[in-house]
Structure formats: C-alpha cells, structure tokens
> 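Got a structure for you, questions after.
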Amino acid sequence: MEFQGISKLDLKRRNRTHILSVIKENGPISRVDIASTLKITRAAVTIITNEMIEEGVLYEVGEAPIIPENLQKGRRKILIDINPNFKFALGAAINENAITVGLTNISGEILDKDMIDITPATTTEDIVDFIITSSKKMIQNSCLDRSKILGIGIGILPEMCSKMKIYYKDGKLDFSSFADKIESELNIRVSCKNLISALALSNQNDVYAEKSGNYIFLKMGKHFNISILLENEIMHDYVEHTNSVEKMIVNTDGRQIEGYPDGSVKAELTETAIQEKYQEVFSSEKTPILWEITSGNKENINWKAISMAASKGDIGVLEVMNGVLKCLSVLLNNLSNAFFAKYIVLHGFYIDEWINDFVKNYLSLHYGEELAKKTRVSRTEGELEFKGGCAISILEFFYQRGGMED
C-alpha cells in the first residue's frame with residue numbers, strides 16, 4: 001500500500017489553524033506561551049506568526065503587563081492577537097417568522113444588519129433575493145472589496161428546508177442547489193448549516209469568556225430543538241436531527257400527542273403546547289389579570305401579556321408558569337448531568353427581566369444554584385440571529401483554513 005504523507009501546504013494550514021485556535025481561546029498571548037501550549041518550538045511559532053503578521057492576520061498588541069510575583073529578568077513578552085478587521089463575514093438566518101442578514105468582523109462586531117418578516121405569501125425566490133440584495137448593499141455601504149469578505153454562512157431552521165426546496169440526499173441535507181444560487185450572484189463562498197447549530201456556535205463565541213467545556217443550546221418555537229457542543233465541536237448526532245429532543249419525557253403524567261411518548265418535550269414545551277396551557281385556564285375567574293390585560297380575548301394572549309400578568313400575581317397564570325418550569329427544569333437537569341454542561345443557553349423562550357429572575361429562583365429552589373447559574377439566555381435573539389451565519393463563515397473560512405485563502 002502506498003503511503004501518502006501530509007503536504008507542506010496542509011501542514012502549514014494545520015499549524016496556523018492550531019495557533020489561531022490557541023489565540024482565540026487565550027489571546028492576547030505571547031509566542032512563548034503559544035509554543036508551550038502546542039508543544040512546538042518557539043522558533044517555529046515565531047516563523048509562522050511573523051508571516052501571519054505580515055499578511056495582516058495577526059498583530060502585535062504590545063508588551064505583556066508586569067506581574068510582580070512572576071517577574072523575570074530579560075525582555076518582557078510581546079503579546080499577539082487576531083486582527084479583527086483582517087476580513088469580514090456575512091451571515092443570514094432563515095427562521096419560521098423572519099430572515100435576518102448581517103455583516104460582522106472576525107470578532108463578531110456588527111457592521112450592518114437587515115431583517116424582513118416571512119409571511120404565507122413569501123416565496124423561496126423572495127428569500128433568496130432578500131439575502132442577495134441585503135448582502136450586496138452591506139458590502140457597498142461598508143466600502144468593502146469582495147476580497148475582504150470571508151464568505152457568507154446561512155443558518156436554516158430545519159422546518160424551513162422544504163420551503164427552501166432543500167431535501168435529503170445520501171442521508172444528509174443537500175444545500176448545494178440553494179447555495180449555488182447565492183454564490184453565483186455574490187461571487188463569494190457559501191456555507192449552509194442547520195440554524196440551531198449555527199446559533200449554538202454564535203452564542204459560545206459571543207457570550208462566554210471560557211471557551212472550553214460542554215455547552216447545550218435549546219431553541220423553543222413551533223418545534224423544540226437542541227444543539228450540543230462538546231469542547232467547541234458540534235456533537236455529530238445533533239447536526240441534522242436537532243429536534244430529536246422532542247421525544248424526551250419531562251412529565252410522566254403529562255399531555256399526550258400522537259407519535260410521541262406521554263409527557264414529551266413536544267407535548268409540554270413547544271410554543272404551541274405552552275400557549276394551549278394558558279388558553280385552557282383563560283377566564284375572568286381563573287386568570288383575572290390576564291383577562292383584563294387582553295380585554296378577554298384569547299387572540300391577545302402573548303408572552304408580554306403573560307409576563308405582565310404573572311408579575312402582578314395572577315394565580316392562574318403563575319400556576320401554569322410553574323407547571324411549565326417544572327417540565328423545563330427536568331429537561332435542563334437531565335441534559336446538564338448527561339453532558340456535564342458548563343452552560344445551557346435558552347433561545348426563543350421570550351424571557352424578559354422579570355421572567356429571568358423567576359426562572360433563576362425556581363431553579364435555585366428546586367435544583368440548586370449550580371443549575372440556575374449555568375442556565376443563560378441567548379444573545380442572538382430576533383434580529384441578531386444572522387450572527388449564527390457569521391459564526392459559520394468565520395469558523396469555516398477563517399479558523400479552519402488557518403487564515404489562508406486556499
């Protein structure tokens with residue numbers, strides 16, 4: 001059997017990728033500390049990083065601050081970091097109710113963003129046209145040449161794939177036809193992924209200083225979706241089938257829904273299921289404050305009205321809310337223990353300040369402060385969901401390529 005070793009180009013890219021990964025997690029950092037972390041020579045790190053500085057991928061921040069207890073003789077360490085404006089990333093998110101498009105630099109700072117609602121009349125062509133038009137406008141508004149754009153990452157909610165005419169091929173979703181339309185118009189690289197995985201990556205990059213550890217990302221909507229990051233990598237089994245969490249049982253005596261176990265996440269914790277619970281108790285006797293807020297009209301029941309009624313002590317609303325939290329807490333506790341989660345991120349749960357405090361207090365009381373502390377609210381809600389797409393673009397077209405073009 002003929003042995004084929006790694007090419008010099010692949011080796012170079014791999015070394016650069018490792019260095020970028022260390023800087024991303026620990027930067028600004030010195031060449032000495034990079035060499036120590038990667039177990040390679042300081043001379044090798046110096047050669048590689050100097051080349052990356054010349055290209056504009058990295059830059060020298062300056063001398064490391066003096067720490068008296070670690071004071072050593074000789075020259076102080078020079079810290080280096082990733083140049084956030086070396087390149088820029090476009091991102092788009094296609095959700096159930098809206099499309100968002102945005103432009104960020106490598107560190108995720110937003111330069112521009114746009115959003116449009118999806119209605120029953122919205123076609124596949126409308127969605128494609130909006131992404132293309134918005135992207136072109138953002139590139140022009142920021143006075144950027146195409147060469148400064150890493151590419152565009154597009155996160156697509158699984159339930160929207162059929163509308164976008166994206167189907168399974170050889171066991172995987174085939175985005176090629178959709179991606180080709182975008183790429184031919186924009187003349188930049190395109191990467192499409194499950195929106196849930198994209199949002200999980202974005203939240204990990206955008207929110208938490210500690211990059212290591214396991215993260216769980218949960219999105220509520222008409223369906224309930226999950227993505228799990230194990231040490232910065234999306235868990236393979238949750239790349240395509242993010243709604244598999246819907247079959248988990250959170251209430252042994254719970255509600256029934258065809259095709260799912262009794263008391264499943266699908267039956268208890270989807271947006272539709274929760275709204276039905278509030279509607280079932282809705283009356284001037286059982287939920288008087290919610291009744292007054294909504295003028296006695298079920299159609300006016302929304303998350304803002306529910307939060308307002310609960311904060312004012314509406315007993316009926318609080319009973320439903322406690323029941324929902326009981327089911328959610330079972331899910332959070334089980335997932336946290338199963339995957340040794342450092343953080344659990346909740347997305348699409350309509351959590352305002354009052355509800356956030358209510359949830360934290362409930363978790364602390366029934367499951368302990370540790371679970372309450374590790375449960376966080378997503379930072380990429382609504383018009384910021386495009387940052388999931390940007391995270392895909394930055395990961396695939398910058399970090400995984402070692403900051404190289406080819």
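We're numbering straight along the sequence, starting at 1.
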> Are there more than 12 heavy atoms of other residues, nucleotides or ligands under 6.0 Å from atom CD of Glu353?
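Incorrect, the count does not exceed 12.
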> Any donor-acceptor pair under 3.5 Å linking the side-chain atoms of Asp33 with those of Ser30?
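Indeed, the side chains of Ser30 and Asp33 share at least one donor-acceptor pair under 3.5 Å.
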> Would you say Lys277 has more than 12 foreign heavy atoms packed within less than 6.0 Å of its NZ?
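Yes - once you tally the heavy atoms of other residues, nucleotides and ligands closer than 6.0 Å, there are more than 12.
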> May I have all residue pairs that pass salt bridge (Lys or Arg N to Asp or Glu O under 4.0 Å) and include part of residues 44-62, sequence neighbours excluded?
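Sorted pair list: Lys12-Glu51, Arg16-Glu51, Arg16-Glu55, Arg31-Glu60.
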> Partners of Ser307 by side-chain contact (heavy atoms from CB on, under 4.5 Å), sequence neighbours excluded?
Asp352, Trp354, Ile355
> Below 30° counts as parallel, above 60° as perpendicular, anything between as tilted: where do the rings of Tyr215 and Tyr343 land?
tilted
> Would you tell me whether Ser378 and Thr380 have side-chain atoms, one donor and one acceptor, within less than 3.5 Å of each other?
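The answer is yes; a qualifying pair exists.
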> Can we say Asp10 and Arg13 salt-bridge, meaning some charged N sits less than 4.0 Å from an Asp/Glu carboxylate O?
yes
> For Lys373, is the NZ atom crowded, meaning more than 12 foreign heavy atoms sit under 6.0 Å from it?
no
> Judged by modelled atom types alone, do His347 and Glu385 share a side-chain donor-acceptor pair under 3.5 Å?
yes
> Looking at Thr100 and Gly382, what are the two nearest heavy atoms and their distance?
CG2-O, 3.7 Å
> Taking ring pair (Phe, Tyr, Trp, His ring centres under 6.0 Å) as the definition, give me every residue that meets it alongside Tyr59, ordered by chain and number, with sequence neighbours left out.
none
> Step by step, would you call Phe217 with Ile228 a side-chain contact (heavy atoms from CB on, under 4.5 Å)?
CA-CA 6 Å; Phe217 180 88; Ile228 299 173; over 6 Å; no
> Quick one, Leu150 and Ile106 - any side-chain contact, counting heavy atoms below 4.5 Å?
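Yes; the side chains approach each other to less than 4.5 Å.
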> Can any side-chain N or O of Thr122 pair as donor or acceptor with the backbone N or O of Thr119 at less than 3.5 Å?
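At least one qualifying donor-acceptor pair exists.
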> In chain order, what residues pass the side-chain contact (heavy atoms from CB on, under 4.5 Å) check against Tyr168, with sequence neighbours excluded?
Leu173, Glu240, His241
> Given 3.5 Å as the limit, does a donor-acceptor pair link the side chain of Thr17 with the main chain of Gly402, or not?
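Yes; at least one donor-acceptor contact below 3.5 Å.
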> Any donor-acceptor pair under 3.5 Å linking the side chain of Ser202 with the backbone of Ala198?
no
> Check whether any side-chain N or O of Ser184 sits under 3.5 Å from a backbone N or O of Lys181 as a donor-acceptor pair, and report yes or no.
yes
> Could you tell me whether the side chains of Asn214 and Glu231 share a donor-acceptor contact shorter than 3.5 Å?
no
> Hey, could you give me each pair passing side chain to side chain donor-acceptor pair (under 3.5 Å) that has a residue in residues 279-290? Not counting sequence neighbours.
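Pairs touching residues 279-290 that pass the test: Arg255-Glu280.
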> With no hydrogens and no angle check, is any side-chain donor or acceptor of Asp314 less than 3.5 Å from a backbone partner on Ala310?
no
> Under a plain distance cut-off of 3.5 Å, with no hydrogens placed, do Asp174 and Ser176 share a side-chain donor-acceptor pair?
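Yes, a side-chain donor-acceptor pair sits under 3.5 Å.
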> Considering only NZ, NE, NH1 and NH2 on the basic side and carboxylate oxygens on the acidic side, decide whether Lys136 and Glu185 come within less than 4.0 Å.
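Looking at Glu185 together with Lys136, the answer is yes, because their closest N to O distance falls below 4.0 Å.
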> Assess the side chains of Thr123 and Asp126: does a donor N or O sit below 3.5 Å from an acceptor N or O?
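Side chains of Thr123 and Asp126: pair found under 3.5 Å.
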> What pairs with Phe86 under ring pair (Phe, Tyr, Trp, His ring centres under 6.0 Å), at least two apart in sequence or on another chain?
none
> Does Glu396 pair with Lys193 as a salt bridge, N-O distance under 4.0 Å?
yes
> List the atom of Ile289, the atom of Lys312, and the distance in Å for their closest heavy-atom pair.
CD1-O, 3.4 Å
> Please determine, by modelled atom types, if Ser336 and Lys374 share a side-chain donor-acceptor pair under 3.5 angstrom.
yes
> Answer yes or no: is there a donor N or O on one side and an acceptor on the other, between the side chain of Asn105 and the main chain of Gly108, under 3.5 Å?
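Side chain of Asn105 to backbone of Gly108, a donor-acceptor pair under 3.5 Å: yes, one is there.
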> Taking atom types as modelled and ignoring hydrogens, do the side chains of Asn243 and Asn225 form a donor-acceptor contact shorter than 3.5 angstrom?
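The answer is no; no qualifying pair exists.
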> Could you check whether atom CD of Gln400 has more than 12 heavy atoms from other residues, nucleotides or ligands sitting under 6.0 Å from it?
yes
> Indicate yes or no for a side-chain donor-acceptor contact from Asn333 to the backbone of Ser329 under 3.5 Å, with no hydrogens or angles considered.
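No.
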> Using a strict cut-off of less than 4.0 Å between a Lys/Arg side-chain nitrogen and an Asp/Glu carboxylate oxygen, indicate whether Lys137 and Asp114 qualify as a salt bridge.
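Salt bridge between Lys137 and Asp114, a charged N being under 4.0 Å from a carboxylate O: yes.
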> Less than 6.0 angstrom from the centroid, inside 45 degrees of the normal: does Lys24 satisfy that with respect to the ring of Tyr399?
yes
